[in-house]
Amino acid sequence: MSGANGGGGVVVLLGSPGVGKGTQGVRLGRDLGWAHVSTGDLLRAALTAGTPLGLEARKYMDVGELVPDDVIVDLVREHLAAMSADRGVVFDGFPRTVPQAEALDDVLAGAGREVDRVCLLEAPEEVLVKRISGRRSSPGGRVYNIYFDPPRKDGFCDETDEPLIHRADDHPDTVRTRLAVYQEATAPLIGYYGAKELLARVDGEGDIEQVYASLRAAVGEPATPSRASG
Ligand code: AP5
């Protein structure tokens, strides 16, 4: 990676629900020492905490629609403001609309930064649906899959032994809406970032290790890893 941002870079993971953004983003962030910023995770944390933002977001999340752009942009702005200014970031599930992408460009420009790479993970719809239907998560956020990455004890987290959760928005009707919303609202970002020559396509269909190897190649050599705090 060019290291346009001096310290850590800014990578965006783009792709359909279930393609593996969270699975890969957590690992990429950990390996690079960068923050992994998932707007879905931030919203679910707000929901669990019962904050007004979380309760408002729930109306959209439960039916598979996008939370309004201004709510999301404020959430991300606040999150970034609480981090070290030069820390690398892996964005997962953000931006998700062209207005969000424009807002991210503005926020980063204000800090003398910019998006370095956008990795588009791609897999056929039947693969996405199977992955989503098999997903189970621990309350702490560890993600399993009953078909591809099952816990040792059925229904319970390996690390904490807590019961695993089936996300409310992972049920078939909601998944269909989420896939349609992706095509309508998020797929235009492929053109947005393609025009800026930031887009790298990653085959998301293989197993987790294969996809990670392709993703690392697409991200390229990171700038100097920044400190792991923040
Ligand atoms: P969010 O949480 O971002 O959901 P999403 O984009 O729909 O993505 P997913 O979490 O479903 O999938 P993923 O790509 O992360 O896949 P994962 O790695 O988990 O958003 C939820 C909702 O919040 C939205 O619908 C919206 O309402 C709201 N929201 C969030 N951000 C927003 C924004 N910016 N603007 C507006 N609203 C927003 O993998 C899926 C499963 O497959 C797992 O079980 C995993 O173990 C398995 N798996 C992953 N990779 C592989 C592989 N290679 N092989 C086999 N299994 C695999």
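Reckoned from all heavy atoms, side chains included, excluding hydrogens, waters and symmetry mates. All ligand and atom numbering here is 1-based and tracks the order in the structure.
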No-hydrogen, no-angle side-chain donor-acceptor test under 3.5 Å, R216 and Y212: yes

Note, V115 side chain near D105 side chain (heavy atom, < 4.5 Å): yes

Donor-acceptor list for residues 70-82 side chains, cut-off 3.5 Å, not counting sequence neighbours:
from	atom 1	to	atom 2	distance (Å)
D74	OD1	R77	NH1	3.3

Per-ligand residue contacts, ligand 1, heavy-atom threshold under 4.0 Å: S16, P17, G18, V19, G20, K21, G22, T23, T39, G40, L43, R44, M61, E65, L66, V67, I72, G93, F94, R96, Q100, R131, R135, V143, Y144, N145, F148, R167, D169, R178, G206, D207, I208, V211

More than 12 heavy atoms of other groups within 6.0 Å of E162 CD: yes

E205 bridged to R131 by N-O distance under 4.0 Å: no

Flag side-chain contact, heavy atom, 4.5 Å: R135 against I132: yes

